[in-house]
Every structure is written in C-alpha cells, then in structure tokens.
Amino acid sequence: MPIDKTVPTFEEAVADIPDGATVFIGGFGGAGGMPHRLMLALRDLGSKSLTIAGNTAGIAVPTGFGWPAGEEPIDHAILVENGQIAKVIASFPVSGSVSRKNAFELAFERGEIELEVVPQGTLVERMRAAGAGIPAFYTPTGAGTDLAAGKETREFDGIECVLETALRADFALIRGAVADRLGNITYSGTSRSFNVAMAAAAEITISEVDEIVEPGEIDPERVDTPAIYVDRVVARGAQGKGSR
Amino acid sequence: MPIDKTVPTFEEAVADIPDGATVFIGGFGGAGGMPHRLMLALRDLGSKSLTIAGNTAGIAVPTGFGWPAGEEPIDHAILVENGQIAKVIASFPVSGSVSRKNAFELAFERGEIELEVVPQGTLVERMRAAGAGIPAFYTPTGAGTDLAAGKETREFDGIECVLETALRADFALIRGAVADRLGNITYSGTSRSFNVAMAAAAEITISEVDEIVEPGEIDPERVDTPAIYVDRVVARGAQGKGSR
Amino acid sequence: MTIPDPASRLDREVIAMRVAREFRDGDVVNLGIGIPTLCSDFVPPGVQLLYHSESGVLNCGPLADEADGDIDLINAGGQFLQAVPGMSFFDSAEAFAMIRGGHIDLTVLGALQVSARGDLANWFLPSRGVGNVGGAMDLAVGAKRVIVAMEHSDREGDSKIVSECTFPLTAMRCVSLIVTDVAVFEVTGRNRGLWLIEVAPGWDADAVGSVTAADFAVSDELKEIELL
Amino acid sequence: MTIPDPASRLDREVIAMRVAREFRDGDVVNLGIGIPTLCSDFVPPGVQLLYHSESGVLNCGPLADEADGDIDLINAGGQFLQAVPGMSFFDSAEAFAMIRGGHIDLTVLGALQVSARGDLANWFLPSRGVGNVGGAMDLAVGAKRVIVAMEHSDREGDSKIVSECTFPLTAMRCVSLIVTDVAVFEVTGRNRGLWLIEVAPGWDADAVGSVTAADFAVSDELKEIELL
C-alpha cells in the first residue's frame, strides 16, 4: 500500500492523547508555525494533567507578538483556561508585559500549574538531543544561575558547563506549510522555529499544514522535516495559511 | 562596504593555511561535495604536518565510489602522496577493497601518518557540537568497543554511553553548489554530507562552489549553510559542476 | 546427522529473500553493503519501504545507469541513484541523527562474527591492521532492529557464529535475527541466547550445530526456511 | 562635584547612537529588545551588518508595515519583518547553534543590574515571581562580545551598576562594555573591574560615582561621550 499519513480531521489526529501525556507545542510565539487547529482539537478532546513544552506558554491578549493586528491569539491559553495543564516547560512562559498577564501566569499564581523555565537555546538543544539519540550534553549556558540549581557541572577549557538531558515528548503538535502524503514537511520563513526539533523528539508527531500534496510535489531540497519524523499530517483546508 | 567574501583564486583562498594546521575536508567520499580545487591549491601551497579530518582519507584508485566511470579521483591522496599529512581523523580511512589500498593506507603502513578512527555519526556529531558550542556529549555509539578505549563512560537509562568531545578545525575546505557574495551556500542532493557541520566548526571556512551569485539570487528557504559560518567563497568558474 | 554438501548452502539472493520477509509496510530501512543490499530486490508485495542512506537521502530509489550518474546523488556505497518522488536530502548530522535517534525501524548488516548474545563484529579485520568503521557502530546501536545477513562460515570454513567474538566489536548485544546460508536464528531471552528457528533445505539442527561455534536452543517449531 | 540635573541624562536614542559606534563592518549582530533595538538606526556609514534573530533568520531587514505583516516572517520580538536580499531561514536549533557556538560577533542587551565584574542580571524581576529567560542566557554566554545598553538608574533611582547583583543572574562575567545615560564603562583586567572611559555632557567622574553603587577606576583619557 502506498504510505499515506494523512488524517482527515483534527479530531482524529489528536484522539489518542491521554491524560498525563507530555506534549510539545510548536512555533515560536507568534501565529506562524503554531498548530492552532490541533490545539483547538486537544481542547475539545479535554485530556487532563498534561505537561506541555515549547518556547512560550501562550502570549498575553492582545500583545500583538507575531499576530495580525486585532486578532485574538489562539494559543496555549485555551488549554490552560480549560484546566488541562499540570506543568509547563518553556523559555518564555509569561507575557512580556508585567501588567498584562497571560492565562498561564494567572494559573501559576493560583498554584495550579508547575513551571520549569529553560533557556531557549538549551530547551531546543535538549529536544534536538532527544531526536538525535544523545542522552545528555554539556553547555555553558545557565552556569552559575538559578536555572542550573541542582544540576551537575563540569569545567571544559576552564569554563563551567551544566549537564543537560534530552527532552522527549509523547506527542508533538507542530505546524508546517506543506506536507506530502509520506509525511515530508516544508515550512515558510521563520515558522521552522521549534517545529523541526520537536518533530524528531516525540513518540508521535502530528503536523497541521496549510496543504497536503502528492509525493514529488515538494522539492526534495526543500524538505525541512523528512517523513521519517512524522506520523500524521492533517490539512487546514479552507483555512489555508492563516492565524486561526 | 557591501560584504563580499569572494576570493578570486583558489591559490589565494588557501594561502594562509600554515604547517601543523587542522583542516576539515568536506564531502562524503565521492566526487560530489568534495573540494577538489581547494585540495589542489593546498597541495600546491605545500603546508606540512597537517591533521585532516573528514569522512574518508581518500578512496582507492579507481574503485568508482561516487565517481564518474573512468575518472581518476582528485582527493586526499594528492595531499598524502605529497607528504603533507601527519594525522588523519576519519570514519572510512582506507579502501573498501583489501587488495586495492589507497595512498593513506600505504603511508600508514610505512608509519608515516597517525590515525584516529571515529564512527561516522560520532564524527559528524563532534563537529556539529563544536559549531553549536557544546564541549562534550554522551552517545551509546562505540560503547564497549576498541574505539571507546580510554574514554569516560556513564550509564543513562541503563545504557552505557561514551563521553565524546567537540571536534574543531583551524580551516574547513568545503564545497557547495552556489554561494552568494555574503557567503550563503546552497548544496545539491547528497552533497550536503559533512560540509554543513564542518562549515560551523572551523575557525576559517572556505567554500569552493560551482557559481557565485548576488545576494537575493539564492532562495532564502534554500540556504543550507548561512553566511555566518562562511569566511571565503571561490568559484570553479569554467569547471562548474563536476568532479575535477 | 547428515552434513549436507557445501553446494546445498543457500545463495546470497536466497538469504536476501528470507531477510526481506521481515519487512513491514511503512518501515524505514537501512541496508548495508553486500547481501543486505540485495534485499531490496525481494520486498514482499503490498509492502512500501522508506530507504534511508547515510549519504543524506531518505526514500531513495533504485540505482541509476552508470552513464546517467549524478555526482550529487549517491548512496552510502557510493553508487549513483535515480531521483524518485518523495525523496528528501539532508546533511550527515541529520542522517546520523535519524540513525542514532532510533528512527530507523530496521537495518540489515553483514558480519565477520556474531556472538551467541548478539554481539556484532563487522568492521575490523585484524589481519589488515586498519579498518573502516563508517556508520556501522551507529547503525548497530541506533536502529530499532538489527538483522545480520551473512554466510554461515568464513573462507577458511570457520563458523562466523561464535560464543564470544574474537574480532573487534561493532556493538554489544545488538543483533536480533541472524539469517545465514544454512539457518535462521533469533537472539532472544533475558540472558540473550541463540534460538534456531529455521534451517535450509537438507539441513537439520544437528547439521547446523556441526558448523556453528556457539550453543543454541532449537525451536519446537523448527521448520525449513520459508521464502514466500 | 556637581550632580547634573536629571534632565541632563541622555535620551535612549543617544545611548543607542553611542553603542552603534562599536559596530564593525561585517559584524554579525543580535540586538535585544528596547534600547538595543534602536541601535540599528545609527549604524555608521560604510558599515554593513548581518542581523541575527533567534526567530530563525539571518541578515534580517527592517520592520514591515503592520498591514503587510507576514506571520511567517518575524523577529525575536514578534515584530513583522520585510524580506531583503541575502536573508536565510533556519530552525531554532540552528538559530541557537549560531549563538551558543560563538558565531555572533556582538550582542547588545538591556539589563536590570550589571555587576562590577560584568555579571549580568536581566531576566527575572523578583517582585513578579516568574520571568522570561528567552534567549538571554544563551546570548550572554555565547556572543563574542556583550554590550549592555541601559538607563543608569532604575525607576526608584537606585544604581543598576552594582558591586554584586542582587537579582537572579543571567550569566557571570560576560559584559565587556556598559553604555548608560550618564557614562560608558569598560569591564576589563585580570580581575575584571569597571573602567570609566566616557561621561555624558555635564557629568564628571565624581558625579558618575555619586549615582553608581560600585567602585570603578577612571581612565586617564576620560572624555565626553563621542557620538560621531
């Protein structure tokens, strides 16, 4: 049978995400590269006690970060507000503005959600390590700071480095521009972001894309996430490229 | 001044490679992605006591590995035969055929060249680590084998792993398909190979390319080695794409 | 016990044919040089594979005619490939991230020796004094499943299945299935041991034992190698 | 000693103008949010920079009009960018390999506090109880040169230059130049200390000392901030 990783609906694409799962949510923070429809489907599915990991935990409404003017973001907040999140792993978990808190920060203040803050470069490198079979690596980032508290350190060439471990997930929800039925994905511009590393570091990788095409329609030089890393692709259909 | 990393001749491109330098030589083993003209220029320059690192140390003549039929390879052998190499770091240093030895193996048997064999994945990961600021990482590859002899080991999730360190070079000689004057490089097909990791892991990266174009002529989605990693580009000119 | 005539050993193509029965639809497969490469000729009907090559290509297709060879489209053995729809290209770091990160479902490798515990020695011939490790250690450790396809005995007639490898190791306890020109063994159990499950036509367990330098258990359902 | 009127402190744009004098032709530069971003308006003539953004773009250009915003072309601050010739796009792992691998020549960052040894605190305001580290630690550790551009005093009038940071650190001993609205300090020497090299118009070393909560040495060639 020709390999076909297409799933017809967002609902089916996320149907097996159980309570307690660890889920990567792709993108950088703005609308580009963020799996909006998959998040909505996960909200509707209602799985509880999730750990979510990604660059942000949602942005404040409306701070405008990477969103078209006047549009209210669809992001992590819909999961937070639905009481589905037990823990967040992120580099940029709260709003850039002290006075405009995001849903995560409000829940964090109420003691409802656990938080692990990780430097952005260490966060993506930990995901990349998981995908590449590297259980742990050393980095000077974070040495001597609160974010290295309790972590093993070691000097290399006189520079103190922190031992960081691979970060895996049960599911990755990512977003690309175009996928083929084999699961090859290409992105547009800055929307690669965390999606590429996440795709390789999850047990099951599910990609929302603007469009699904036949194998051969994506230039093999333009495949950023090869099919080997992708389990399911689902098309936004009429929504196409967009922020909703 | 507009940034312009173009160097007019191969001779000038390699002119400052001193005796004793560590030099990455790109490619996989075949003609594609291998910096033939840069190697010829380095041969003519005559720098001695070099350490060279890459996937191979040249292939046997003529084994046909990735070379057009009947063409005699221009590869590491020209440097070995010229007595310029003190040490080789490679995963595939000798001919695939016991009976057809390459120049390196003959020199190794004469005791003229030191050899460090590294598993191919560990070799490229050590280069990638150097480029990404990771001084060391753990990998299960090689554990319990002669290639891990004397190396630190540690168990992660019950699996024995070897501590491997970043591998840098003073110079990287790589080959791309097209460069722009800023130093952005795009490759063709399987010729990315070791070139991409090497470009980021050397103090000075010099790329031979088929053609040099103005900034903007390479699709920004198709840049595989961004300009940040590249110091000099030199065009093959009339030779264009080819194996000589 | 009858030791069959050497001529009754299976051809390389038949070994490959037996290995190919292990392929599952959708598997990502990396085939080593030699007998393993032949397996791609015997993929069962209805099974589509994604072939991975360390040269930096996924879903790579059949070999190209020598005259059409493109130096920028080779496999890990340096052979020229045809372009096929759905391929993707990537650099060596990514090619090995795929291998080392556990994304290859199945690799088929040749061997110099395999131990009863599934230790693999396939990169270094001591008599040469120098060897090519290439991606062998990465594949043996990283692939989800490692199958060895090889002749049962070396050129001197010595068993390549041994109690302990005497050649330098590629990886420890990595092999899960051994297909030779006389038998098929699983490597199983908590203490990892050989389990003879199939024999070539004309062979029985005793005959296999007579050419095998390691202990093995015999399956209650021992049968002749099935190729279809 | 005269403590100038607060009104004599330099504008944010002038701080940025002074920092921009540090740019060298061909530098790869990463500018933080706030005053650092303003530096791009004052790049000296004849100097071409390659701007890097953690969002995954090198050689990124000026901001796009809001109405032309493309959700797939943003900078690290989430602002929409114009496409310019010679850009390249890459994923976050590569964006941070560039930072952490020492490929950024210069980063300009804001700060909550900088210590006399060049320790930087710029990510966590204890009063909030939670903070965004983003790429700050990676940049502070990874860039070849770290310049801090900030107001000299916080909103309560307390010095942001301190003997020891009391806010959680971003990185130790990473800052090499501090440009504020009253002075410019180098962080130098084997034991790393502050070296006052320039003052704002109307300020002298004593006046700077009166608003600075750390010891510093004064350059023999102390001069007024030069902007051209």
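Order of the sequence lines sets the chain letters (A, B, ...), proteins ahead of strands, with each chain counted from 1. Everything quoted here is computed from the prediction, not taken from an experiment. Only heavy atoms go into these numbers, but all of them, side chains included; no hydrogens, no water, no symmetry mates.
The contact between C:F96 and chain B is made entirely by side chain atoms (from C-beta outward), counting heavy-atom distances below 4.5 Å. Within the 4.5 angstrom heavy-atom criterion, no atom of B:Y187 approaches chain C. Contact annotation for B:F194: both backbone and side-chain heavy atoms come within less than 4.5 Å of a heavy atom of chain C. Contact of C:E54 with chain B is made through backbone and side chain together, with heavy-atom distances under 4.5 Å. For a residue to count as touching a neighbouring chain, one of its non-hydrogen atoms must lie under 4.5 Å from one of that chain's; by this rule C:F124 does not touch chain B. Of the two parts of C:T170, only the backbone, made up of N, CA, C and O, holds a non-hydrogen atom closer than 4.5 Å to a non-hydrogen atom of chain B. Using a 4.5 Å cut-off between heavy atoms, C:A93 contacts chain B through both its backbone and its side chain. Only the side chain of C:D70 comes within less than 4.5 Å of a heavy atom in chain B; its backbone stays farther off. Heavy-atom distances place both the backbone and the side chain of C:V133 under 4.5 Å from chain B. Residue contact with chain C, scored on non-hydrogen atoms closer than 4.5 Å, involves the side chain of B:V117 exclusively.
Chain C forms the most heavy-atom pairs under 4.5 Å with one residue out of B:D146, B:L147, B:N195, B:T56, and that residue is B:L147. Ranked by non-hydrogen atom pairs under 4.5 Å with chain B, the options C:C60, C:A121, C:A76 are led by C:A76. Your options are B:E109, B:K241, B:M127, B:E160, and the one with the most heavy-atom pairs under 4.5 Å with chain C is B:K241. Most heavy-atom pairs under 4.5 Å with chain C: of the set B:S188, B:A197, B:G144, this distinction falls to B:S188. Counting heavy-atom pairs under 4.5 Å between each of C:D91, C:L125, C:V141 and chain B puts C:D91 at the top. Ranked by non-hydrogen atom pairs under 4.5 Å with chain C, the options B:T139, B:L115, B:N55 are led by B:T139. With respect to chain B, the highest number of heavy-atom pairs below 4.5 Å among C:G56, C:S55, C:G69, C:S88 belongs to C:S55. Heavy-atom pairs under 4.5 Å with chain C peak, among B:G30, B:G29, B:A69, at B:A69.
Judged by distance alone, the side chains of B:T122 and C:R100 do bring a donor and an acceptor atom under 3.5 Å apart. For the residue pair C:D72/B:S191, the side-chain donor-acceptor check at 3.5 Å is satisfied. Side-chain atoms of C:T212 and C:H152 form a donor-acceptor pair, as typed in the model, at a separation below 3.5 Å.
Salt-bridge annotation for B:E105 and C:R128: present, with a side-chain N of the basic residue lying under 4.0 Å from a carboxylate O of the acidic one. A salt bridge links B:D210 with B:R175: the distance from a Lys NZ or Arg NE/NH1/NH2 to an Asp or Glu carboxylate oxygen falls below 4.0 Å. Look at C:D158 and C:K160 and you find no salt bridge, because none of the NZ, NE, NH1 or NH2 atoms lies under 4.0 Å from a carboxylate O.
Of all heavy-atom pairs spanning C:F42 and C:M17, the tightest one is CE2-CE, 3.5 Å. Nearest heavy atoms, B:I74 versus B:M39: O-CE, 4.1 Å.
Note: C:F216 and C:F185 have perpendicular aromatic rings, judged against thresholds of 30 and 60 degrees for the angle between ring planes. Using cut-offs of 30° and 60° for the angle between ring planes, the C:H52 and C:F90 rings count as parallel.
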Stepwise side chain to side chain donor-acceptor pair (under 3.5 Å) test for B:T186 and B:R222: CA-CA 6 Å; B:T186 189; B:R222 277 286 283 112; 2.9 Å; yes
